[in-house]
Each structure stands twice: as C-alpha cells, then as structure tokens.
Amino acid sequence: MARASGDGWGDYLARFHDERPGVTEDVLADASADDGNDPYDWLAQALPRDGLIVDVACGSGPLARRTSRWVGLDRSPAELRRAAPVAPGRVVLADAGCAPVRAGAADAVVCSMALMLLDDPGAAVAEMACLLRDGGRFAALVPATAPLTLRDRMRYVRLLAALRLRRLPFRHPDLLADPRPLLAPAGLTMVSADQRRFTYPVTEPGDAQLWVRSLYLPGVEPRRLCAAQRITRRWTGSSIGIPLWRLVATTNR
C-alpha cells in the first residue's frame, strides 16, 4: 500500500512517523467516550474474541493487548520499534499486499486511523479483504467530521485560523465525510457504520502540544504551528472533541 506517489504525501508521512512514532495512539489512548472507553476499546469491541487478527498499519500496536492472536503490519520501522515490546515477534515490516499471512487465513483484519492516508484506499481495502476467510470481519477507525459540540467547532475554527487553513488536511479528505463506499467494491458487506465523539483532556499545556503534533499538517510553516500551539494551550483545564467513524463489515464471497 505504500507505493510511490507524486502528491508529496508519501515522503511527508514517512518523515512524520519516523519523527513521531506512536503520537496518534498516545492522543487517542487518553481520549474517552461517555462510557469511559477509548477509541481502541471501541474498535476492539467489533473484533472476534478468538481467531487470527491482522492489524494493517498497526502503528505502536494499541490493539495487541486488547486481542488474543494478533499480528501487526506497518511500513514504518519507527512505529514497529514502539510496537515490538508490546507484541514481541508479532510485528512485521509489511502491508496487506505482502502480508505474512496466506489469503483467506485471517478471522479479522483491522485498520486504524490509516485509510485516509493511503495512496489508494480502495485498493488497500481490497487487499485487506483478500486476507479474510469466508465470513471474516473487517473493522476500521477513521476520522469523522461529526459529532462535535458547539464549543468543539469554535475551537477547530480558531485552530484553523491560526494554521491559515480552511480544513485539516488529509490525503483523502472525502473519506471523513463518508468512508462507507470503500467497502462494497472490495467484496465487503456493511455490518455497521457508527460515529462517536471522544473527549481528549487538555490537563496541562503539554497535552495541547501533543495533540497539535499528532495532526497531519504538510506544508504548514513552523510559525503557524507555534501559533496553533499557543491557541490550544489556552484550553488547559478543559478538553477537545475528536469525532471518529467505526466501520465494521464482513466478506460476502
């Protein structure tokens, strides 16, 4: 899935994950929904309790301890160095197109916070679906545009103004509005597509800095990043909403 691309995102993402391994997981692990679960708890609830689970673009491996037979794949050596202590011998420098798992062998394939960044999300989902057995389950976590509170929306407006952006950039921003069309062409049948707001607490100024560091901001000048951090440090003692999609599907072949 990590193929050459002329849009500049490939090089940017390689640098981002080399310099900031695990930053997404560090933020989301501190975020929680009304029921107290973090996004990875929510994602794990959609996975089978038993069977082989292949985690594509696994990052630092937040799902490893939440599942039983887990194998993590990632194209970033820095991310895998963080995942290795969590799941020794179960992380591989690879993607779904060259997974060390035969086609049709996985009971579940999961992809967290990565579909909107891949070179070709549709092709990537098709590769992941090929790893699934008949009736196997696919689950993904993707950023969303809702739900958000009015305060959340005002804070995102101020953040974007500081960054001089109209919206937070993603390689495939259309997926944030509705990622569901990716599934059927890959031979997957939708089970559920839910959106949920998670609350990230800004307990101290460092929390605000971490949140800004977790954002993908290619081409944004350093002085704009500093301005964004000044804005978010003012939120100390409160929180910011993070809206996410959870997609769950099964193979229909």
Side-chain angles (χ1 to χ4, degrees), residues 1-3 25 28 33 35 37-75 80 83 86-87 89-144 172 174-196 244-253:
M1 290 178 291
R3 301 180 179 91
E25 294 88 344
L28 294 187
D35 59 4
N37 287 324
D38 70 31
Y40 300 111
D41 296 326
W42 188 41
L43 186 57
Q45 289 168 3
L47 300 174
R49 293 187 177 182
D50 301 310
L52 176 62
I53 294 172
V54 178
D55 191 345
V56 178
C58 68
S60 60
L63 290 173
R65 291 186 176 132
R66 292 170 169 87
T67 57
S68 52
R69 294 177 59 205
W70 178 91
V71 174
L73 315 180
D74 206 289
R75 297 293 297 181
L80 292 181
V86 179
R90 292 186 288 148
V91 295
V92 183
L93 187 67
D95 58 30
C98 56
V101 177
R102 63 177 175 82
D107 295 279
V109 172
V110 61
C111 185
S112 174
M113 302 300 287
L115 290 180
M116 69 290 179
L117 300 171
L118 301 176
D119 186 25
D120 185 339
V125 172
E127 290 174 350
M128 294 182 218
C130 287
L131 299 177
L132 289 168
R133 63 168 176 79
D134 291 347
R137 178 158 290 203
F138 171 80
L141 204 62
V142 183
H172 302 284
D174 53 310
L175 292 186
L176 279 66
D178 191 356
R180 291 171 291 186
L182 286 175
L183 303 183
L188 296 168
T189 299
M190 181 77 68
V191 172
S192 63
D194 302 310
Q195 291 173 277
R196 180 176 287 189
L244 299 174
W245 281 97
R246 186 186 69 179
L247 305 178
V248 183
T250 59
T251 53
N252 57 20
R253 54 181 178 269

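These numbers come from the heavy atoms of this one structure, side chains and all, not from hydrogens, waters or symmetry mates. For clarity, every value in this text was computed on a predicted model and none was experimentally measured.
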Walk me through whether Leu115 and Met128 qualify under side chain to side chain contact (heavy atoms under 4.5 Å, CB included). CA-CA 11 Å; Leu115 290 180; Met128 294 182 218; 3.9 Å; yes
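- Tested against Val110 for a side chain to side chain contact (heavy atoms under 4.5 Å, CB included), the candidates Val56, Leu47, Leu141, Val248 yield a single pass: Leu47.
- Not one N or O on the side chain of Thr67 forms a donor-acceptor pair closer than 3.5 Å with the backbone of Ala44.
- In this structure, Leu80 and Cys58 have side chains that are in contact, with non-hydrogen atoms separated by less than 4.5 Å.
- A donor-acceptor pair is defined here as one N or O able to donate and one able to accept, closer than 3.5 Å; no such pair exists between the side chain of Glu25 and the backbone of Pro62.
- Nearest approach of Tyr40 to Asp38, heavy atoms of both residues: N-OD1, 2.8 Å.
- Across Trp245 and Ala144, no two heavy atoms sit closer than the pair CD1-CB, 3.4 Å.
- Between Leu182 and His172, the closest side-chain pair of non-hydrogen atoms is not below 4.5 Å.
- Met113 and Pro143 make their closest contact through CE-CG, 3.6 Å (heavy atoms, listed as atom of the first residue, atom of the second, distance).
- Here the side chains of Asp35 and Arg196 are in contact, with some heavy-atom distance below 4.5 Å.
- The residues Arg66 and Asp55 are annotated as not salt-bridged, no charged nitrogen and carboxylate oxygen being separated by less than 4.0 angstrom.
- The main-chain N or O of Ala46 is found under 3.5 Å from a side-chain atom of Arg137 such that the two form a donor-acceptor pair.
- A salt bridge does not link Asp50 to Arg69: none of the charged side-chain nitrogens sits closer than 4.0 Å to a carboxylate oxygen.
- Of all the heavy atoms in Arg246 and Trp42, the pair that sits closest is NH1-O, 2.8 Å.
- Smallest separation of non-hydrogen atoms from Gly97 and Glu127: N-OE1, 3.5 Å.
- The line from CZ of Arg75 to CG of Leu93 is 6.0 Å long, rounded to the nearest 0.5 Å.
- Closest heavy-atom contact between Ala129 and Ala186: CB-O, 3.4 Å.
- Counting only heavy atoms from C-beta outward, the side chains of Thr189 and Phe138 never approach each other to under 4.5 Å.
- The shortest distance between side-chain heavy atoms of Leu52 and Asp107 falls below 4.5 Å.
- Annotation: side chain of Thr251 is not in contact with side chain of Arg133 (no heavy-atom distance under 4.5 Å).
- One finds the CG atom of Leu131 at 11.0 Å from the CZ atom of Arg102 (value rounded to the nearest 0.5 Å).
- Once rounded to the nearest 0.5 Å, the distance linking CG of Leu43 with CG of Leu247 reads 10.0 Å.
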